[in-house]
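Data first, discussion second: the structure below is written as structure tokens.
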Amino acid sequence: MISLGIEGTAHTTGIGIIDSKGEVLADVRSIYKPAAGIHPREAAQFISDHIREAVDGALDESNLNILDIDLISFSQGPGMGPCLRTVATASRALSLYYKIPIMGVNHCVAHIEIGKLMSGFSDPLILYVSGGNTQILKLKDSRYRIFGETLDIGIGNMLDKFGRSVGLKHPAGPKIEELAKKGKEYIELPYVVKGTDLSFSGVLTAAIQKFKSDFNLEDVCFSLQETSFSMLVEVTERALAHLKMKEVLLTGGVGNNKRLQDMLKLMAKEHGAKFQVPINYCSDNGVMIAWLGILMYNSKVRQELKDTVINQRFRTDDVEVVWVK
Ligand code: ATP
Ligand code: FE2
């Protein structure tokens, strides 16, 4: 079967096409780059302005006709209300007009499942780090159970907010990574791990203050990464040791960061575990949405229009993982 996935929870209008074997047939992404933070209404407008050409682009790329598509999958949540509504409306329209089954999927679970597909891992410990989310998870009794998570903002959001305060364009994560490479001096910043949970608001405020009190931006970026990534690695390591797992999977937009990858790889190695990251699929994309749709459909999940209502606060552990036996 062939699934067309529509991603649009915030900045990325992504259309992906994938088949049941996991072969990617198309991956088209249009990214909204706001001057400051993401404005939900403007982001939704960006999606409605770009979704048509992205669908056409993906069909062109795969040499398929819309009638070759067996499933329309879309990101049902979590995300910004206006964005989710725009994507759900477009997905319902395609489904109704062309009489193709529809499947609303959880964006966070999609980040995990594309990571599993690309890594070949069957039962990994997962570190999911993105703009809105920071979670350490493991599948147990048909749910991705949250071992630890942020108590306030997601790590990507923290990096983006810091970037905005010091004059970097959105998204700031990749720019902070570049600046951090040139940092030399480590500046002490608050390190907040509570049990297996994390908090990033203190390190954010302190880093902004350091910059304002004339510390060099490269050193602050370096210190911000070292501190916040160490927090992530600490909790992941605790889970790994406690659960005695053999695979560590990094996913979500912040997973693009090479320094974070290296830190986790080293930690995993010390525990005799393998480490993987879905290199081209960490950031939001339509392929991951299409793939999760296939997994659900092939496990006999079916949705009617009434089941496609968006869910802004759709949690990772709300989803019953019926596709893993
Ligand atoms: P979610 O709903 O999963 O939270 P999202 O809207 O945050 O999704 P993603 O594409 O998963 O979207 O992640 C975007 C985040 O990743 C942004 O905060 C961005 O700054 C961050 N990011 C991207 N590349 C890097 C990088 N190289 N280093 C650090 N952070 C990065
Ligand atoms: Fe995401």
Side-chain angles (χ1 to χ4, degrees), residues 5-14 16 27 29-34 36-40 43-44 46-47 74-84 87 105-115 126-135 137 144 149-150 152-166 168-181 200 204 221-222 224-229 232 250-264 277-289 292 310-316:
I6 309 183
E7 160 57 28
T9 52
H11 45 81
T12 298
T13 307
D27 181 7
R29 306 178 197 186
S30 286
I31 301 170
Y32 162 64
K33 293 204 168 137
I38 301 177
H39 188 295
F46 180 92
I47 294 172
F74 73 97
S75 49
Q76 195 167 15
M80 295 176 168
C83 299
L84 295 175
V87 166
V105 314
N106 180 294
H107 174 97
C108 311
V109 176
H111 271 295
I112 296 173
E113 289 300 339
I114 198 71
I126 302 135
L127 174 60
Y128 163 41
V129 277
S130 60
N133 292 283
T134 303
Q135 296 177 331
L137 312 116
Y144 286 109
E149 67 182 323
T150 180
D152 41 44
I153 50 177
I155 184 161
N157 210 318
M158 181 276 282
L159 295 169
D160 295 337
K161 282 187 170 161
F162 171 76
R164 200 190 318 168
S165 303
V166 304
L168 302 176
K169 286 216 177 91
H170 189 93
K175 296 172 186 96
I176 292 170
E177 176 172 17
E178 284 314 305
L179 289 163
K181 284 182 189 157
F200 295 105
L204 169 63
C221 288
F222 166 70
L224 185 58
Q225 279 198 175
E226 293 304 300
T227 307
S228 57
F229 293 175
L232 296 173
L250 172 63
T251 193
V254 183
N256 288 305
N257 191 290
K258 186 77 175 42
R259 176 64 184 144
L260 178 59
Q261 292 172 11
D262 289 345
M263 288 167 80
L264 283 162
V277 56
I279 291 291
N280 295 316
Y281 298 94
C282 280
S283 299
D284 288 357
N285 63 83
V287 175
M288 65 183 197
I289 303 298
L292 178 51
I310 62 151
N311 183 352
Q312 267 177 267
R313 307 206 176 279
F314 201 175
R315 274 179 62 90
T316 320

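Atoms within each ligand, like the ligands themselves, are counted from 1 in listed order.
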*Atom SG of Cys108 and atom CZ of Arg315: how far apart are they, to the nearest 0.5 Å?*
9.0 Å

_Interatomic distance, Asn256 atom CG to Gln261 atom CD [nearest 0.5 angstrom]_ = 7.5 Å

*Write out the protein residues near ligand 1, meaning a non-hydrogen atom under 4.0 Å from one of its atoms, in order of chain and number.*
Ala10, His11, His107, His111, Tyr128, Ser130, Gly131, Gly132, Asn133, Gly156, Leu159, Asp160, Pro171, Gly173, Pro174, Glu177, Gly253, Val254, Asn256, Asn257, Ser283, Asp284

*With Asp262, which residues qualify under salt bridge (Lys or Arg N to Asp or Glu O under 4.0 Å), at least two apart?*
Lys258

*Indicate the atoms forming the closest heavy-atom contact of Tyr32 with Ile38, along with that distance.*
CE2-CG2, 3.8 Å

*List-wise, which protein N, O or S atoms are found short of 2.8 Å from the Fe ion (ligand 2)?*
His107 NE2, His111 NE2, Asp284 OD1

*Under 6.0 Å between the ring centres of Tyr128 and His111?*
yes

*Can you find a heavy atom in the side chain of Met288 that is under 4.5 Å from one in the side chain of Glu113?*
no

*So do Thr12 and Asn285 actually touch side chain to side chain, heavy atoms under 4.5 Å?*
no

Give every donor-acceptor pair under 3.5 Å between a side-chain atom in residues 154-161 and any protein atom, sequence neighbours left out.
from	atom 1	to	atom 2	distance (Å)
Asp160	OD1	Ala172	N	3.0

*Looking only at side chains, do Thr227 and Gln225 share a donor and an acceptor under 3.5 Å apart?*
no

